[in-house]
Protein chains: 2
Amino acid sequence: MSQAGKASAGVVTVTVDVVIFTLRDERLQVLLVRRRHGPHAGMWAIPGGEIRPGETLRDTALRTLEEQTGLVDVYLEQLYTFGDPDRDPQQRLVTVSHFAVVPATDVVPRTTDDADHVSWCSIKDHPKLAFDHAEILHYALKRLRYKLEYTAVGFELLPEEFTLTELQTAYEIVLGEDLDKRNFRRKILSAGVLEPSGGFRSGEGRPARLYRYRDDAVAEVKARRLFP
Amino acid sequence: MSQAGKASAGVVTVTVDVVIFTLRDERLQVLLVRRRHGPHAGMWAIPGGEIRPGETLRDTALRTLEEQTGLVDVYLEQLYTFGDPDRDPQQRLVTVSHFAVVPATDVVPRTTDDADHVSWCSIKDHPKLAFDHAEILHYALKRLRYKLEYTAVGFELLPEEFTLTELQTAYEIVLGEDLDKRNFRRKILSAGVLEPSGGFRSGEGRPARLYRYRDDAVAEVKARRLFP
DNA sequence: ACAAAAGTGTTGAGAGTACACCCATGC
DNA sequence: GCATGGGTGTACTCTCAACACTTTTGT
């Protein structure tokens, strides 16, 4: 292929994108922005931006998160790095994608210098996205579902206190399948990661006991081995 | 922090590193190179290099792999991207790390323009490494062990034909624990991913039946759910 | 015949799954 | 008193883990 010598790979722009998940209106949603500038101006995209000197990649992601939602201290992890040479016609663009999970609260998205519209959007019905962002979104969803099965990310979707039915509903929405109430409760309680907060939530029927996630809980992974 | 405007994050160098695993001498080993140039000249490091125009990140990793080992068509996956601002004092260096798994054959490492020594090295007894490469190595090992439990990477460590005892030994070496022979054989055979090649390997005792991995096998993941 | 490695079954314990009714509250 | 959602237990199946002896070959 190309025989460009070393130290001359040309100008490379490194950006960080963050797929921000939440639960709203009984659906799994992501935050999207409409780009104000650049070759994809006017198109919807995953929020993000260039890395700045002195920032770690995670710093850049956290900054993006705060700029768009005002939230700090949320669940965030690095996802995958996309760097195909033709993903942006203007420049060599390498994007380190992340995903974040924020609680189902009333977060008001904020516009920024780069984005003239910001909006929550259902995962299964999103507009056409800039670059290869649709691919990133799919990958993030796959990973979220996957991690839900063997880690405690699920709790990040809910506010600090929640009922068991709310938790079950969150799992059902993300996994896209129904779960048995009695089995769900037995399993989640026997895992020992929840504690009753003491409060109750009153609604239409019998009040539901509120729980919180024990932060001293070790949400350990016990994958069933496929082979050995 | 720094208020560098957009499109001015300065010069960023993007490199791709590849942690190459193999089995040699009853140990899990990785390929290391001794750097010929740069701030870490004379130090051992994980092989890799800068991305070139027209190359995908995977292309760069595959090229590195071929330059160092001559191997093509091996197992390779992206691992994690490291980009802390202080990992190289000279420049902003973002490294997309990968890991590869190559069969336990007699691969002769090759030196390159960048590396005056190349050598296999036991994973648990490696020299001090340049940059944050020790961290990358640890992370790669963790991921390899992890994937071994729910995918078919294990087979990539062996030549095309192998005995069940060889396969079990490979698993034991990587996982660092002993496995029960009967349970191992029952489980691996009932998974339906192996087929007898028809041959036998003669050694000290009774000849062992040779197997190969069925490339039409779907090595599906069945993680046991932790919570729901 | 003996050394050396290959090969082979059973049992008990724990986890997963399917399934239907009573309970506490607000109106 | 009734509608609404909260809360509870049991039986069957399947997978996992522990465990020891026979078979085939080379010398």
Side-chain angles (χ1 to χ4, degrees), chain A residues 23 26 104 148-151 154 158-159 161-173 175-212 219-228, chain B residues 26 104 148-150 154 158-159 161-173 175-212 219-228:
Chain A
L23 282 183
E26 307 281 288
L148 205 64
E149 307 220 338
Y150 67 95
T151 70
L158 297 172
E161 297 192 336
F162 47 84
T163 68
L164 291 185
T165 300
E166 286 165 357
L167 182 62
Q168 182 177 345
T169 303
Y171 270 87
E172 287 175 338
I173 291 170
L175 295 174
E177 63 181 297
D178 288 349
L179 302 173
D180 180 84
K181 181 156 74 162
R182 279 169 294 187
N183 292 338
F184 181 84
R185 291 163 108 92
R186 176 159 17 85
K187 193 160 181 185
I188 203 91
L189 290 175
S190 70
V193 294
L194 296 186
E195 59 186 7
S197 75
F200 287 83
R201 173 159 307 161
S202 296
E204 296 238 4
R206 172 174 170 177
R209 186 177 292 277
L210 290 170
Y211 290 84
R212 71 168 71 93
E220 257 322 299
V221 182
K222 261 141 219 166
R224 172 190 299 167
R225 277 190 199 154
L226 181 55
F227 293 123
Chain B
E26 307 280 290
L148 205 63
E149 306 218 340
Y150 66 96
L158 296 171
E161 297 192 334
F162 48 83
T163 68
L164 291 185
T165 300
E166 287 164 356
L167 182 62
Q168 181 177 346
T169 304
Y171 270 88
E172 289 174 339
I173 291 170
L175 295 174
E177 63 181 296
D178 288 349
L179 303 172
D180 179 83
K181 181 156 75 159
R182 282 169 292 187
N183 292 339
F184 181 84
R185 290 162 110 91
R186 179 164 9 88
K187 192 160 182 183
I188 202 92
L189 290 175
S190 69
V193 294
L194 297 186
E195 59 187 6
S197 75
F200 287 84
R201 174 159 306 161
S202 296
E204 296 235 6
R206 172 175 172 177
R209 186 178 291 276
L210 290 170
Y211 290 84
R212 71 166 74 91
E220 260 320 302
V221 182
K222 262 141 218 165
R224 174 190 297 168
R225 278 192 201 150
L226 181 55
F227 293 123

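Labels below follow one simple rule: chain letters A, B, ... track the order of the sequence lines, proteins then strands, and each chain is numbered from 1.
Phosphate contact (OP1/OP2 of dA6(C), side-chain N/O of Arg209(B), threshold under 4.0 Å): absent.
The CG-P distance, from Leu189(B) to dA6(C), rounds to 14 Å in whole Å. The CG-P distance, from Leu179(A) to dA18(C), rounds to 11 Å in whole Å. A straight line from CD1 of Ile188(A) to P of dA15(C) spans 16 Å, rounded to a whole angstrom. For the pair Leu167(A) CG and dG7(D) P, the interatomic distance rounds to 12 Å; values are reported in whole Å. In this structure, Asn183(A) places its CG atom 6 Å from C1' of dT17(C), rounding to the nearest Å. Note: CZ (Arg185(B)) to P (dC19(D)) measures 19 Å, nearest angstrom. One atom, CZ of Arg186(B), and another, P of dC16(D), lie 9 Å apart when rounded to the nearest Å. Distance Glu166(A) CD to dG5(D) C1': 12 Å, rounded to the nearest Å.
From Gln168(A), atom CD reaches atom CD1 of Ile173(A) across 11.0 Å, with rounding to the nearest 0.5 Å.
What you find for Glu26(A) and Thr169(A) is that their closest heavy atoms are OE1-CG2, 4.3 Å. Nearest heavy-atom pair across Gly154(B) and Tyr171(B) is CA-OH, 4.1 Å. In terms of heavy atoms, Pro196(A) sits closest to Arg212(A) at O-NH1, 4.4 Å. When all heavy atoms of Asp180(B) and Asn183(B) are compared, the pair lying nearest together is OD2-N, 2.8 Å.
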| said: I need a per-nucleotide contact map over nucleotides 20-27 of chain D, read 5' to 3'. Cutoff is protein heavy atoms under 4.0 Å; write B for the base, S for backbone only, - otherwise. | reply: B--BBBS-

| Residues Phe162(B), Leu194(B); criterion side chain to side chain contact (heavy atoms under 4.5 Å, CB included); working and verdict | CA-CA 10 Å; Phe162(B) 48 83; Leu194(B) 297 186; 3.8 Å; yes

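Where the helix from dA1(C)-dT27(D) to dC27(C)-dG1(D) starts and where it ends, the local axes point in directions that differ by 10°; five pairs per end, rounded to 10°.
Just one residue in the list Leu189(A), Leu158(A), Leu167(A), Ile188(A) forms a side-chain contact (heavy atoms from CB on, under 4.5 Å) with Tyr211(A), and that residue is Leu189(A).
Distance from the side chain of Asp180(B) is smallest for dC19(D) among the nucleotides dC16(D), dG7(D), dC19(D).
The residue Thr165(A) sits close only to the backbone: its heavy atoms come under 4.0 Å of sugar-phosphate atoms, none of a base.
Legend: residues meeting salt bridge (Lys or Arg N to Asp or Glu O under 4.0 Å) with Arg201(A), ordered by chain and number and at least two apart, are Glu166(A).
Annotation: side chain of Arg185(A) is in contact with side chain of Thr165(A) (closest heavy-atom distance under 4.5 Å).
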